[in-house]
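Each ligand, and each atom within it, is numbered from 1 in the order the structure gives. Owing to the predicted nature of the structure, the values given are computational and were not obtained by experimental measurement.
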Amino acid sequence: MATIESVRGQVELDELGTVLMHEHVFVLSEEIRENYPGYWDEDERVADAVAKLTALKSRGVDTIVDPTVIGLGRYIPRIQRVNEQVDINIIAATGLYTYNELPFFLQYAGPGTMFGGDDPMIAMFVNDISKGIAGTPVKAAFLKCAIEEQGLTPGVERVLRAVAAAHVETGAPITVHTNPHNESGLIVQKIFAESGVDATKVVIGHSGDTTDLDYLTKLVDGGSYIGMDRFGLDVLLPFEQRVDTVAQMCQRGYVEQIVLAHDASCFIDWFSAGTTEDAKDAAAPNWHFTHIHDDVLPALRERGVTDGQITTMLVDNPRRYFSGRS
Ligand SMILES: [Zn+2]
């Protein structure tokens, strides 16, 4: 029986059930939080995360895939503590999140640097996948990297190539944060193809931020999944356009390459310095874990998407993505 690593240990692939493919438990600026902790109460935030994930489970979601890596405040013991109190599978990731430069820790070793050599990121990522993260028994089940408006900067390219190398070594699938407005998903596919990555093991994340069907069709024709994974971030693209785009890609016959999520978090501190939680909620009132089951799925059905197609996107596609190489 094929299995997948989760925060609570191995899960049979058939037991992943209904999966949201890109949700965060916590997104934290860890060095800021440790030095300016005024906004943070550990017990309160853990209890809040348990409550939010319990509500999600009550909608029938069995698994969240959490691409929180270095740069987003990954801290696995806190996730273990949450997961002890809520019955949901949380899939952990390895990788590095930057739109431009690398952390100084990585700037002076690796290809093209003062000390040269193999990229140390590769061993870091492979260790998280094969041995476990930071001395915990929790193993990463997938890789995460990012490319944004800034495009393929030297730092971003090093991360993409290190993620590709770790994928080739371990077979772990990959999720990439992309910005569809500069067609950066196509840049990712090119770099990955050069590096021997299996395109069918890649989610081009945040593809749902565009209505550009030609771009999306190029991505799926390139073999990857498209992450229609920011439902509720209606400030970036309104709800109606998000659901219309998914329905149209289903009509075009691409349902087997679409995965769904919100890219929501139980708590994200990116807005803590400049605004309140209430102001954030007012700006993006639907950006929470139950929006898909409460609002998006009914809207997709109204547009002719069948229950079978919804199952394909929420159950079958995630299972195939995490199964052995195609
Ligand atoms: Zn995210």
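Of the possible donor and acceptor atoms, one in the side chain of Thr153 sits under 3.5 Å from a partner among the backbone N and O of Asn100.
The distance cut-off of 2.8 Å around the Zn ion (ligand 1) captures these protein N, O or S atoms, sorted by chain and number: His22 NE2, His24 NE2, Asp263 OD1.
Sorted by first and then second residue, the side-chain hydrogen bond (donor to acceptor under 3.5 Å, both in side chains) pairs with a member in residues 61-71 read His24-Thr68, Thr63-Asn89, Asp66-Thr68; sequence neighbours excluded. Listed by first and then second residue, the side-chain hydrogen bond (donor to acceptor under 3.5 Å, both in side chains) pairs involving residues 129-145 amount to none (not counting sequence neighbours).
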Criterion ring pair (Phe, Tyr, Trp, His ring centres under 6.0 Å) on Phe192 and His167, from CA distance to verdict:
CA-CA 10 Å; Phe192 281 179; His167 159 87; 7.6 Å; no
Worksheet item: Going through the checks in order, is the side-chain contact (heavy atoms from CB on, under 4.5 Å) test met by Phe267 and Trp40?
Response: CA-CA 10 Å; Phe267 183 81; Trp40 181 259; 3.6 Å; yes
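For the side chain to side chain donor-acceptor pair (under 3.5 Å) test, residues two or more places apart in sequence or in another chain that qualify with Glu148 are His177, Asn179.
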